[in-house]
Amino acid sequence: MEVHHHPKVENPAHGGTGKRFKDYFLEFIMLFLAVTLGFFAENIREHYTEEENAKRYLEAFRDELTQQHNTINAYKNIFRHKIIVCDSMKNIFYSDQEVGKVDDIRRLLLPCLRVTEVNFHTSAYQQMVNSGALRYIKNIALRDSMSAYNSYIGTTLAYNSQITQAIINNTVTVSSFFDLHDVVSSDTSVSYEIEHHLPVVRIPGLFTPEQRNRIVFFWESYVVQAQSDLSRLRKLDSGNQRLLEMVNEQINK
């Protein structure tokens with residue numbers, strides 16, 4: 001009769017070949033370290049990506065600031081010239097010299113009546129706002145300065161539109177006092193801003209004191225508009241240069 005012997009199972013605690021507790025603990029430590037290092041590596045990669053995104057957006061914003069600075073200087077020159085010509089026109093009517101200075105009125109009329117609509121490109125900043133990219137910029141002072149600067153641009157544009165519309169409304173009243181039928185040339189082959197057109201001006205005769213006051217105030221309102229816009233542009237340019245320094249400092253960190 002055959003006798004079947006059962007295999008002997010060795011106890012790991014007594015030096016058998018099965019896994020011991022320290023083996024499981026070592027595997028746990030290795031797994032923990034792998035997960036932890038992966039977590040830190042992902043954080044480092046994300047931080048690096050955010051810094052690169054912030055730099056890329058700030059470089060685009062810096063280019064926009066430079067473009068705006070050039071635009072501001074162009075508008076400043078326009079409004080300086082506007083003040084000179086409108087002040088000259090105002091003084092002609094204020095001193096009751098319009099009959100003897102018709103040629104000066106013809107020369108000044110178009111530059112005086114030309115409407116200047118202020119506009120700025122803010123696409124780089126708006127892209128940061130719309131895409132949520134401002135979160136990449138950790139410098140709170142810089143973010144606040146960017147927001148304040150953009151808000152002042154909006155205020156400047158709104159003011160310019162408001163005062164320009166008021167002047168246009170006054171033009172209808174003043175136009176009843178003298179002939180403005182030939183302010184610009186009817187030649188469509190060239191822009192009226194390029195062509196040196198001297199309009200035909202007919203002075204109707206003596207103005208009443210009330211009419212003269214309205215005409216003088218009309219030209220003075222152009223001076224006020226130009227001075228006001230010029231003042232806002234100077235403040236905007238000052239903010240532009242301060243912000244440009246902050247952006248360059250952040251980029252070059």
Side-chain angles (χ1 to χ4, degrees), residues 57-91 93-94 108-130 134 137 139-174 183 191-193 213-250:
Y57 280 111
L58 283 176
E59 285 174 346
F61 183 63
R62 178 180 61 185
D63 293 341
E64 187 168 85
L65 286 174
T66 302
Q67 182 187 35
Q68 289 170 351
H69 174 66
N70 295 333
T71 302
I72 289 171
N73 284 334
Y75 280 130
K76 285 163 68 175
N77 289 333
I78 290 173
F79 286 120
R80 288 190 187 104
H81 180 67
K82 188 86 165 182
I83 292 169
I84 294 172
V85 295
C86 289
D87 189 64
S88 297
M89 182 74 88
K90 176 196 69 177
N91 288 330
F93 286 92
Y94 179 76
L108 295 170
L109 189 58
L110 181 55
C112 285
L113 290 176
R114 185 178 294 137
V115 175
T116 301
E117 189 72 22
V118 176
N119 191 27
F120 292 100
H121 294 292
T122 60
S123 56
Y125 180 77
Q126 294 302 326
Q127 184 180 10
M128 283 191 283
V129 173
N130 297 333
L134 284 175
I137 302 174
N139 188 329
I140 304 300
L142 175 57
R143 277 211 316 256
D144 290 345
S145 296
M146 292 168 65
S147 176
Y149 173 77
N150 190 71
S151 296
Y152 194 72
I153 286 179
T155 302
T156 300
L157 299 183
Y159 173 81
N160 175 260
S161 297
Q162 181 180 5
I163 197 168
T164 298
Q165 186 58 50
I167 290 176
I168 292 174
N169 294 340
N170 288 334
T171 304
V172 177
T173 302
V174 175
V183 175
S191 173
Y192 78 91
E193 295 178 337
N213 287 339
R214 287 191 178 185
I215 294 173
V216 169
F217 178 74
F218 174 71
W219 298 121
E220 179 67 9
S221 65
Y222 271 104
V223 176
V224 171
Q225 181 220 14
Q227 286 283 22
S228 299
D229 277 318
L230 191 57
S231 175
R232 288 177 176 271
L233 288 170
R234 289 191 181 107
K235 292 179 182 178
L236 190 62
D237 195 30
S238 178
N240 175 283
Q241 293 303 290
R242 287 196 303 268
L243 188 54
L244 189 58
E245 290 179 4
M246 295 177 70
V247 170
N248 281 326
E249 182 179 348
Q250 184 70 27

With a cut-off of 6.0 Å (strictly less than), are more than 12 heavy atoms of other residues, nucleotides or ligands near [atom1] of [X]?
X	atom1	result
Phe217	CZ	no
Glu59	CD	yes
Tyr94	OH	no
Glu117	CD	yes

Approximate separation, where rounding is to 0.5 Å, of [X] [atom1] and [Y] [atom2]:
X	Y	atom1	atom2	answer
Thr164	Asp229	OG1	CG	6.5 Å
Glu220	Ile215	CD	CD1	14.5 Å
Leu65	Asn70	CG	CG	11.0 Å
Gln250	Leu58	CD	CG	6.5 Å

Counting C-beta onward and ignoring hydrogens, is there a side-chain heavy-atom pair between [X] and [Y] closer than 4.5 Å?
X	Y	value
Cys112	Trp219	yes
Leu244	His69	no
Leu230	Gln227	yes
Gln126	Asn150	yes
Ser145	Arg242	no
Asn160	Arg232	no
Met128	Ile137	yes
Ser231	Lys235	yes

What are the two closest heavy atoms between [X] and [Y], and how far apart are they?
X	Y	result
Leu142	Met246	CA-CE, 3.6 Å
Tyr152	Leu236	CD2-CD1, 3.5 Å
Pro111	Lys82	O-NZ, 3.5 Å
Met146	Leu134	CE-CD2, 4.1 Å
Leu157	Val118	CD2-O, 3.2 Å
Ile72	Leu233	CG2-O, 3.7 Å

For the residue pair [X] and [Y], confirm or rule out a side-chain donor-acceptor distance under 3.5 Å.
X	Y	answer
Ser238	Arg234	no
Gln67	Asp63	no
Thr122	Glu64	no

| query | Does the side chain to side chain contact (heavy atoms under 4.5 Å, CB included) test come out yes or no for Arg143 and Ile140, once each step is laid out? | reply | CA-CA 5 Å; Arg143 277 211 316 256; Ile140 304 300; 3.1 Å; yes
Expected output: side-chain [X] to main-chain [Y] donor-acceptor under 3.5 Å:
X	Y	answer
Asn91	Asp87	yes
Ser88	Ile84	yes
Tyr75	Asn119	yes
Asp237	Asn73	no
Gln68	His121	yes

| message | Please verify the inter-ring angle class for Phe61 with Tyr125; under 30° counts as parallel, over 60° as perpendicular, anything in between as tilted. | response | tilted
